[in-house]
Amino acid sequence: MSNRSRTQIAIIGAGPAGLLLGQLLHVYGIETVILERKSRDYVLGRIRAGVLEQGTVGLLDEAGVAARLHSQGIVHHGIELVFGGARHRIDMKEATGKAVTIYGQTEVTRDLMDARDKAGLTTVYEAEGVSLHDLDGDRPRVRYTEAGVTHEVACDFIAGCDGSHGISRQSVSPAAITTFARTYPFGWLGILSETPPVAPELIYANHARGFALCSMRSYTRSRYYIQCAADDRVDDWTDDRFWDELKRRIDQEAIDHLVTGPSIEKSIAPLRSFVAEPMRFGRLFLAGDAAHIVPPTGAKGLNLAASDVHYLARALREYYAEKSSAGIDDYSRRALTRVWKAERFSWWMTSILHRFPDTDAFSARIQIAELNYLVGSRAAATALSENYVGPPF
Ligand code: FAD
Ligand code: DHB
């Protein structure tokens with residue numbers, strides 16, 4: 001082997017889960033190496049989530065990477081629901097005392113990458129053929145190739161933060177994993193545009209033509225989504241077609257205020273619920289999308305990655321500082337308890353807001369009744385709000 005090195009924690013994947021774990025462990029005095037398959041620019045080019053729970057913001061504070069978030073993030077105290085052509089506000093702050101912050105995943109990632117660079121910590125981008133070894137012994141190892149040279153990193157633990165198609169979960173015997181999955185029969189077509197947001201808060205719309213969401217990244221940059229067919233291709237959707245369809249699904253006030261413009265990014269995301277249990281296999285821990293996927297409705301994906309990282313970072317700190325395995329032994333149970341709350345919420349938000357192939361007149365009326373209950377009942381609005389702002393870590 002040409003190049004051997006050692007670290008305490010080898011982290012696979014430089015998405016939000018891997019980078020945040022690396023930064024928190026650095027704060028706790030624990031050494032990490034991150035191996036990422038793609039280039040830094042590629043990772044930063046992926047447009048994904050935009051809503052951060054208060055707990056996620058707290059964790060980014062703890063990691064010392066939240067200065068730009070606090071100066072540029074937009075704090076939202078409520079969301080709006082559109083159905084039957086009318087708009088209704090849910091006041092989450094009044095219901096829970098908590099808020100969410102609008103700050104793009106791209107920016108979170110950039111802040112974490114910058115902090116890691118500044119601290120002189122090792123991240124290997126374009127690490128090819130990452131493979132995991134000896135997960136059941138007490139000296140696991142990770143191998144990869146960089147620019148044609150094979151490297152091996154020996155470590156105490158491996159954190160699999162490499163997303164849903166990563167190598168970490170695939171390195172475990174299928175017999176050791178139980179999976180739970182649901183695929184939804186539609187996708188989300190999203191566009192980003194340099195236009196001011198249509199409204200101060202996010203608008204989630206239930207419409208006979210399908211779901212729509214008006215979101216934002218800043219006061220000058222908007223993010224909009226519409227439900228589309230699962231097999232639609234981005235090329236099927238010109239910008240004009242997108243804006244026309246969005247206008248059909250939102251309320252009149254939003255139509256009147258909507259500023260359209262050219263898209264600067266356009267993509268289609270499939271919707272899927274997925275959980276792999278457990279989240280620990282010997283010396284390998286899974287965190288974030290490597291272990292679970294939620295449909296995007298309710299913006300839980302990134303926040304769940306953050307809560308996994310919170311449990312895992314604390315467990316590892318306990319292991320090194322107090323020589324106790326209690327935290328790492330309980331990691332999977334603790335993380336999964338919260339994961340399933342988010343799985344339930346995202347599935348439920350998806351089910352009340354989208355048009356399904358089997359949504360008949362009866363089911364459509366039931367959706368409207370549920371939405372009316374949400375905006376008319378303090379108890380129901382509180383239940384939605386508690387989940388939207390995120391259950392405590
Ligand atoms: P990722 O962000 O997927 O990071 C994993 C990293 O591991 C990647 O950088 C990947 O390149 C790397 N990797 C993979 N395989 C390997 C390997 N073999 N070796 C080394 N590195 C590897 N959530 C929301 O809340 N709202 C949204 O609007 C939203 N939109 C989304 C749109 C899309 C298209 C997708 C895919 C997800 C979206 N999500 C959204 C979910 C959210 O972005 C994820 O939950 C979040 O990115 C999870 O972070 P992560 O670090 O666990 O995984
Ligand atoms: C965004 C995505 C979501 O899934 C959501 O529920 C709210 C906002 C976004 O990308 O801005």
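The shown structure was predicted, so the numbers you read here are calculated from the model rather than taken from an experiment. For ligands, and for the atoms within them, numbers begin at 1 and follow the listed sequence.
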Handout entry: Any N/O pair Met216/ligand 2 closer than 3.5 Å
Key = no

Fill in the blank from the handout: Value for CD (Glu322) from CZ (Arg317), rounded to nearest 0.5 Å, stands at 8.0 Å

Practice task
Would you check whether Tyr204 has a nitrogen or oxygen atom less than 3.5 angstrom from a nitrogen or oxygen atom of ligand 2?
Solution key: yes

Taking distance alone, no hydrogens or angles, what donor-acceptor pairs closer than 3.5 Å link side-chain atoms of residues 132-140 to residues at least two apart or in another chain?
from, atom 1, to, atom 2, distance (Å)
His133, NE2, Ser131, OG, 2.8
Asp134, OD2, Arg141, NE, 3.2
Asp134, OD2, Arg141, NH2, 2.6
Arg139, NH1, Asp156, OD1, 3.3

Problem - For Gly298, atoms of ligand 2 separated by under 4.0 Å from a heavy atom - result: 6 (O)

Exercise for the section: Please say whether Gly18 places an N or O atom under 3.5 Å from an N or O atom belonging to ligand 1. Expected result: no

Practice task
Note the single closest protein heavy atom to atom 10 (O) of ligand 2, along with its residue, its atom name and the distance in Å.
Solution key: Tyr225 OH, 2.6 Å

Problem - For atom 14 (C) of ligand 1, closest protein heavy-atom neighbour - result: Asp162 O, 3.1 Å

Please table the atom pairs, donor to acceptor, closer than 3.5 Å between any side-chain atom in residues 49-61 and protein atoms at least two apart or in another chain.
from, atom 1, to, atom 2, distance (Å)
Glu53, OE1, Arg338, NH2, 3.0
Glu53, OE2, Lys300, NZ, 2.7
Gln54, OE1, Ala99, N, 2.8
Thr56, OG1, Asn303, OD1, 2.7
Asp61, OD1, His70, NE2, 2.8
Asp61, OD2, His70, NE2, 3.3

Practice task
Find out if a path of hydrophobic residues (ILVMFWY) with successive side-chain heavy-atom gaps under 4.5 Å connects Met216 to Leu246.
Solution key: no

Problem - Contact check, Lys300 vs ligand 2, heavy-atom distance below 4.0 Å - result: no

Exercise for the section: Considering heavy atoms of the protein only, find what lies nearest to atom 4 (O) of ligand 1 and give residue, atom and distance to 0.1 Å. Expected result: Gly15 CA, 3.4 Å

Problem - Ring-face cation of Arg283 near Phe157 (centre distance under 6.0 Å, axis angle within 45°) - result: yes

Handout entry: Under 3.5 Å: N/O of Leu213 near N/O of ligand 2
Key = no

Problem - Under 3.5 Å: N/O of Val43 near N/O of ligand 1 - result: no

Exercise for the section: Run the ring-centre check on Tyr28 versus Tyr320 and record whether the distance is less than 6.0 Å. Expected result: no

Practice task
Kindly state whether the ring of Tyr184 and the ring of His354 have centres lying under 6.0 angstrom apart.
Solution key: no

Handout entry: Closest protein heavy atom (residue, atom, distance) for atom 39 (N) of ligand 1
Key = Arg48 CB, 4.4 Å

Practice task
Answer yes or no on whether Arg365 is positioned over the face of Phe362, meaning its NZ or CZ is under 6.0 Å from the six-membered ring centre and within 45° of the axis.
Solution key: no

Practice task
Show which atoms of ligand 2 fall inside a sub-4.0 Å distance from at least one heavy-atom site of Trp188.
Solution key: 3 (C), 4 (O)

Handout entry: Subset of ligand 1 atoms that lie under 4.0 Å from at least one heavy atom of Lys38
Key = 11 (O)

Handout entry: For Gly288, atoms of ligand 1 separated by under 4.0 Å from a heavy atom
Key = 52 (O)

Handout entry: Pair Glu94 + Arg378: basic N to acidic O under 4.0 Å
Key = yes

Exercise for the section: For ligand 2, find out whether one of its N or O atoms is nearer than 3.5 Å to an N or O atom of Ala299. Expected result: yes

Exercise for the section: Would you mind reporting whether Ser385 and Ile90 have side-chain heavy atoms less than 4.5 Å apart? Expected result: yes

Exercise for the section: May I ask you to check whether Ser215 has an N/O atom sitting below 3.5 Å from an N/O atom of ligand 2? Expected result: yes

Handout entry: Arg46-ligand 1 polar pair, N/O distance under 3.5 Å
Key = yes

Exercise for the section: Would you mind running through ligand 1 and noting each atom that sits below 4.0 Å from a heavy atom of Gly163? Expected result: 3 (O), 5 (C), 53 (O)

Handout entry: Closest approach of any protein heavy atom to atom 4 (O) of ligand 2, naming residue and atom
Key = Pro296 O, 2.5 Å

Problem - Ring-face cation contact, Tyr311 with Arg334, 6.0 Å cut, 45° max - result: no

Completion exercise
Quick look: Tyr225 vs ligand 1, heavy-atom contacts under 4.0 Å, and the answer is side chain

Handout entry: Phe274 and Phe180 aromatic centres sub-6.0 Å
Key = no

Practice task
Measure from atom 23 (N) of ligand 1 to every heavy atom in Ala290, Ala17, Ala49, Pro295 and give the option owning the shortest one.
Solution key: Ala49

Completion exercise
For Val51, the atoms of ligand 2 under 4.0 Å from one of its heavy atoms are 7 (C), 8 (C)

Fill in the blank from the handout: Check: of Glu36, Arg37, Gln105, His292, min heavy-atom distance to atom 12 (C) of ligand 1 comes from Glu36

Exercise for the section: Taking only heavy atoms of Cys161 into account, list the atoms of ligand 1 that are under 4.0 Å away from them. Expected result: 5 (C), 6 (C), 7 (O)

Exercise for the section: May I ask whether Arg48 has any heavy atom positioned less than 4.0 angstrom from an atom of ligand 2? Expected result: yes

Handout entry: Aromatic contact, His88 with Phe83 (centres under 6.0 Å)
Key = yes

Exercise for the section: Decide, yes or no, whether a salt bridge links Arg89 with Glu80 under the criterion of side-chain N to carboxylate O below 4.0 Å. Expected result: no

Problem - Aromatic Trp237 / basic Arg241 pairing, under 6.0 angstrom, 45° off normal - result: yes

Practice task
Just jot down the ligand 2 atoms closer than 4.0 angstrom to any heavy atom of Leu202, in number order.
Solution key: 7 (C), 8 (C)

Handout entry: Location of contacts on Ser267 toward ligand 1, heavy atoms closer than 4.0 Å
Key = neither

Practice task
Examine the proximity of ligand 1 to Leu19 and report which part, side chain or backbone, both or neither, has a heavy atom under 4.0 Å away.
Solution key: neither

Handout entry: Region of Asp289 engaging ligand 1 - heavy atom pairs below 4.0 Å
Key = both

Handout entry: Salt bridge present between Asp117 and Arg40 (N-O < 4.0 angstrom)
Key = yes

